[in-house]
Every structure is written in structure tokens, then in C-alpha cells.
Amino acid sequence: MAAKLDISFAKSARLAGATAILLQTAEAGPAGLSDADPAGVYDRAATVRKFKAKAISTLDIVAPHGSEADRIVVLGLGKGDVLKAHDWLRAGGTAASVLKGSEKAIVYTDAPGANVSANAVADFALGMLLRTYKFDTYKSAKKNDEDEAPSKEKTLKVTIVTADVAAAKKAFQVAEAVAEGVILARNLVNEPANILGPEEFAAKARELEKLGVEIEILGEKEMKKLGMGALLGVSQGSVRPPRLVIMQWKGGKPKDKPLAFIGKGVVFDTGGISIKPAAGMEDMKGDMGGAAAVTGLMHTLAARKAKANVIGIIGLVENMPDGNAQRPGDIVTSMSGQTIEVINTDAEGRLVLCDALWYCNDRFKPEFMINLATLTGAIMVALGSHHAGLFSNDDRLSDALLKAGMTSNERLWRMPLGDEYDKMIDSKFADMKNTGGRYAGSITAAQFLKRFVGSTPWAHLDIAGTAMGSPSDEINQSWGSGFGVRLLDEFVRANYEA
Ligand code: MN
Ligand code: ZN
């Protein structure tokens, strides 16, 4: 659900009936103090509360004497000279959290002692938008509980007071495109599988046509013709037919090779015949987090008119046990011609991705391929939910991704690949098998994918620990986090739009 937040920018604003939020660095006093606090209540309040403007700390003054504002909240930024993009996002998120239930707020962002660029102001606003997000589609209004009653929720009007209004507005257009992409990805992950099957997901992707993205949707017949036996093997146990969606954004020069992003979109993963245990299986509605991130990214890039040619491909299937489901021991032929022995039908994501990767490489000859997938539980064992696993055959691509991870704070950790691991997926009966056994499970999954990318620079992001159920923070309180959208938007912007 779109954030019920209306943000505008101005040089000054009327404080009557509003909450005033004043940003402050550790080195100097709060922004906007003379406007919001003519009677000088701040000094005493700060002394009483021992407020030192540490990062994301707040000083809350209700009904301040002599002020037109109903409430003054001073929001600490910490040291002003080291503030990075993510610090501004966190500050914005914190501001949104203290404004819960409010209807009007005036935010003074130009904190003395900080270098407050237009981008910093936009990042602050982005943090507010991301924090305000709530997935409440299926909650009916309850009486006497404002929090749980979406229909009663009023729009929060926020005016951001800053010196360079025009520059802030311009930077905010980009931030809004990012917020929309992240929120789209979160919505897709949060939707239950009975509502969001492969066809419904494809229809959501089709909506990007409004932004100028070209969309093609392949059905079962077309995929059969292309020989996508690996992907189709996964979907054959479901009554819902698979879809492969190809999204193209042509914002670059015609001669520029496209950048390609590929997503795993298993709308629900029961494990198939190798069925999963019941506990926690409901989380497998989020096994399309990779496809959600790619779709959200395409939205953001198109909405902000990125100057790059970008392909997004998502493989949408449902993995179900059924009389027609594939069995352990089955051998399928992928589009590449390579044969795969299916040892475990729960290792299905790689079967979907291998055909999508091969198709992408074969048709588009991209600059690189980056795939995102909630691929293995093993990556959560290794990294928890604070880093996604990065596997790559290309050091330059890998370094650029790691850097974008640091900037966006959607962090990656590079994991190894190697011949010894590759051998672990050799099969007695086919060219390879779809699992390498218990150990190094996220690495052997990556080795599997690597067999389908040729010499194209490629990176695989295993986002099983970061796309869903990750701990909430200042800018995300949602189960589906939208991980990957900000990371890859930053990556494209920093490396391909100069
Ligand atoms: Mn699985
Ligand atoms: Zn899966």
C-alpha cells in the first residue's frame, strides 16, 4: 500500500497545528530553531534530557511554550561531517516513526554543521516514504484501534523546509522513483500465493508498460518450443501455468549493450515431491523475492528515466507436489542442451534460473548478467540476514556490486567459486545434478548457475536471508524488504549512466 504521506518542499512554512522536526548535528544547534522555538524552550529541555544529538536520537517537546507548533521533535544526526546517504535515510525513517498518528509536520533539514545537499534532503524524504510503508491490504478496519484501522488512517502532510527548494524537488523526483520500486517489490513479496500466481505476477509486470517498459510474456507453449525443460519441469506439478516475462527499458544509446537482471520467481515453493516440513512453509510465498526485486528495479529505472539499456527477465512458476509433478531422479534437458538429474525437487530455483539465464545470454548478448534469487537456506547459515551472498565470475563486476552495497547499505559478501565445488554437482546419469549435497550448499547452487552463463560477466545474489523476514530497521518494518532495488539502482547509476 502506497505510503499515506504527502511530501512537499518550501523555504518556510506555517507551524500552527504541526509537529516541527528540527535536525541537529552533534556540533551545532538545531535547524529552524528561531522559527519553531521563539521562547527558547529547547536549551532547558536538552539539558534535562541530556540530549547530545547522537545519530537518530530524539528529543520530544510537547506543547512547547511560546511556539505555534503543537510539538517540537529535535532529531539528532550525530557528527555532521561524516554523514552518508544511508544516514539521511535512517534519519528520515526515524522522523516518520515519531510522526505516527500525526497529520501535519514541518521538517527543518538544513542542520548547521552538516553538508546538506539536495540529495541528502531527498534521501531523508526517501527514508520517510520507506518507513511509512505498511502492507495492510487484508486487514479489515477494527473499532477502537487506530493502529489497525487502515481506512481511518489520515494522510500525513509533510513540508520540508530547505534553502534550495528547486534542487530538493528535482532530487526528490529520483527518490520517489526509488521508493515506488522498493514498495512494488515489497508488495509483490508480501502478497499471498493464492492472490499472486505466475499469471497475476506477469500482469503486474505488464503494468510497467505505462512507464515505457517493453513487455513480452512467454507461456508454456513458447517455452516448450525454446526447449526450457528445466524451468518447465518445476512448474509441471502446478495447475497454474508458468510465465517468463521479458522487460526492456531502452534509455541508453542504441549501440549500448544492455545490462541484464534476472530474477527467480517461484510464487510458492512447497519443495515439490521433496516436500518441505510444515513449520514456516508459509514463508515460501516469498520465494519470488528475486523476481520482485527485478520488477521493482525496472520500475525505478523507467520512472527516473535511467540513461541505460536494461533487460529484466523473471521466471515465474509454482513448485507443487501433484500426480504430474517431477520426481527425484528425473532427468530434464535445459534450453542450453545440458541435461540435469533432479536429485531434490526442492532445489528448483536453479532449474528456473538456468533456462532464464541461457535465454537472456543467447538472445540479448548483454554487457553482464546479474541474477537475484532466494536460492538457498545455506546462505542464511553462512551470512544470516545482514548480507546477501555474492558469487561472480568477474572481479570488476563483483567489486562494483560490493561498493554499491556499501553505499546503499544493502550489503553483499563475496563467496567463493571453484573447480572443487563444481565437481560436487557432476552426476552419474546426466551432465549435472541439481544439488551438491549438504555442505557448501549455496556455493554448489552458484556453480550450477555458472554452467549456464558462458563467458559473460555474471553475478548471482543469493537473497534468501535478506529479501524477507529480515529484522526491521529505521527504513523497513515490512516482512518483504524489497532488498536489491536500491542496491542495483545505485549500481546502475554509479557505473553506467555517466
Ligand atoms: Mn526450494
Ligand atoms: Zn525455492
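Atoms within each ligand, like the ligands themselves, are counted from 1 in listed order.
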Which N, O or S atom of Glu348 lies nearest to the Zn ion (ligand 2), by name = OE2
key: Sidechain-backbone polar pair: Lys285 side chain, Asn190 backbone, donor-acceptor under 3.5 Å   = yes
ask   = Is it true that atom CE of Met281 has more than 12 heavy atoms of other residues, nucleotides or ligands lying nearer than 6.0 Å?
value = yes
key: salt_bridge(Lys264, Glu348) N-O dist < 4.0 Å   = yes
task = Scan Thr435, Asn319, Asn344 and name whichever one has a side chain to side chain donor-acceptor pair (under 3.5 Å) with Ser274.
result = Asn344
query = Would you call the rings of His460 and Trp458 parallel, tilted or perpendicular, where under 30° means parallel and over 60° means perpendicular?
reply = parallel
task = Answer yes or no as to whether an N/O/S atom of Asp287 is found below 2.8 Å from the Zn ion (ligand 2).
result = yes
task = Kindly say whether Val342 contributes a backbone atom to a donor-acceptor pair with the side chain of Asn434 at under 3.5 angstrom?
result = no
side-chain contact (heavy atoms from CB on, under 4.5 Å) partners of Ala302, counting only residues at least two apart = Leu211, Val213, Trp249
message = Strictly below 4.0 Å, N to O, side chains only: are Asp355 and Lys224 in salt-bridge contact?
response = no
Asp269 atom (N/O/S) at minimal separation from the Zn ion (ligand 2) = OD2
query = Within the stated cut-off of 2.8 Å, is an N/O/S atom of Lys264 closer than that to the Zn ion (ligand 2)?
reply = yes
ask   = Leaving out waters, which are not shown anyway, how many protein N, O or S atoms lie closer than 2.8 Å to the Mn ion (ligand 1)?
value = 4
